[in-house]
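Here the structure comes first, spelled out in structure tokens, and everything after it is commentary.
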Amino acid sequence: MTFISILLALLIEQLKPLRADNPIYTQIQTLADKIEASFNAGKVKHGRLGWWIVIGSLTLPTALIYWLCLRLNPIAALLWNVLIVYLTLGFRRYSHYFTSIQLALSSGDEDTARRYLAEWTHLDTTGMEVSEISRLAVERSLIATHRNVFGVFFWFLMPVGPACAVMYRAAEYLSRAWNEPEHMKNEEFGIYAAKVFYWIDWVPARLTAVAFAVVGNFEDAVYSWRNYADRWSDELVGIILSAGGGALGVRLGEPEEKAMVLQADATAVDIDSLELESQPGAEASPRALQSAVGLVWRALLLWMLLLLLLSFAVWI
């Protein structure tokens, strides 16, 4: 049932992708904003209480409906699974930005590529070079694919899969909504959301990195993962991007600069005097975007193959 649910949801999403501004997501965002406004008194404990209220209000009804569907009819449970995977999956949700950037760069229209990248990442892309546009687009696509696809796959395989998938996507959203906005960056309210999502995503992030390594350049992926992942400020992002960059043969992120600052702070050494081994791989280019598409599709096929084998083993 799990394999069929994911396969059907993927096929439906290919035909009719769910928009990022769909009513269900809008309601969840409204709920998160209301909880933050009502409970944020500047303490971590308030963020913890708010997190459990949001997660509980979303996962408990999902689990209850799934249980009722199982009692009613297996087909009803299958349909509920497909609906939940479709709502939590995001394989095509942001792909239009990536595709538009890729087409713009291919035609030499850098201004259009900068505009789409700014809309997608909310960064200032004024005067950004082609290599920087390509790098950021690849990075964003790898992280979005993990959090909207592979992370959902992992948690959907857990007991009461639909509720776990909803929990993962809601936890990922809260970790961003309560920490990344400018007015929330210095608030203690979002600390718990960030910490709990770190542990929720601890295993899925590493499985995604393994998948990238298996379907890409394995040696460079593993080498970059082992030697550069901890140089990112976000460990999980570092694991995915270092392995993904190594698998693609492309340098992603700016981990050397962070490592140099850390070493300078620890040893009181002038940053300019430090020399660190650079990451393996070439500078990002428009061709890297096409390579990233191939990497993601191969990783998706690997996950589906493993899931099919697992389902067959359970059936046997």
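For the single chain, residues carry numbers from 1 onward in sequence order. Both backbone and side-chain heavy atoms feed into the values below; hydrogens, waters and symmetry mates do not. These numbers were taken from a predicted model, which means no experiment stands behind them.
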| In terms of ring plane angle, is the pair F153 and F150 parallel, tilted or perpendicular, where the classes change at 30° and 60°? | perpendicular

| query | Which of parallel (below 30°), tilted (30 to 60°) and perpendicular (above 60°) describes Y192 and W52? | reply |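 Ring orientation of Y192 relative to W52: tilted.
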
| request: Treat each ILVMFWY residue as a node, draw an edge where side-chain heavy atoms are under 4.5 Å apart, and state whether I55 and L60 are in one component. | output: no

| request: Report the C-alpha distance between F189 and W178 in whole Å, list the side-chain angles of each, state the deciding distance to 0.1 Å, and finish with yes or no for ring-ring contact (aromatic ring centres under 6.0 Å, His included). | output: CA-CA 7 Å; F189 185 81; W178 290 353; 4.7 Å; yes

Other residues, nucleotides and ligands only: do more than 12 of their heavy atoms fall within 6.0 Å of [atom1] on [X]?
{"X": "E235", "atom1": "CD", "result": "yes"}
{"X": "L305", "atom1": "CG", "result": "yes"}
{"X": "E119", "atom1": "CD", "result": "yes"}
{"X": "F218", "atom1": "CZ", "result": "no"}
{"X": "Y116", "atom1": "OH", "result": "no"}

| field | Distance, nearest 0.5 Å, that separates CG of L7 from CD1 of I12 | value | 10.0 Å

| Can you tell me how far the CH2 atom of W225 sits from the CG atom of L241, to the nearest 0.5 Å? |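 The distance works out to 13.0 Å.
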
For a quick test of reading the model, state the closest non-hydrogen atom pair linking [X] to [Y] and the distance between them.
{"X": "A221", "Y": "A243", "value": "CB-O, 3.4 Å"}
{"X": "T59", "Y": "A163", "value": "CG2-O, 3.5 Å"}
{"X": "I239", "Y": "A209", "value": "CG2-CB, 3.6 Å"}

| Can you find a side-chain donor-acceptor pair between D124 and T126 that sits under 3.5 Å? | yes

| request: Please check if the side chain of R140 supplies one atom and the backbone of W120 the other of a donor-acceptor pair under 3.5 Å. | output: yes

| Any donor-acceptor pair under 3.5 Å from N179 side chain to G190 backbone |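 Confirmed, N179 side chain pairs with G190 backbone.
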
| Is there a side-chain contact between Y25 and R169, using heavy atoms and a 4.5 Å cut-off? |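 Y25 vs R169: side chains touch.
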
| Taking the side chain as C-beta and beyond, is there a heavy-atom pair between N40 and M184 under 4.5 Å? |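 SC-SC contact between N40 and M184 confirmed.
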
| note | The residue among F156, F197, Y173 that forms ring-ring contact (aromatic ring centres under 6.0 Å, His included) with Y168 is F197

| said: By the definition side-chain contact (heavy atoms from CB on, under 4.5 Å), identify the one residue from T99, I101, V250 that meets it with L289. | reply: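 Of all the options given, the one that passes is I101.
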
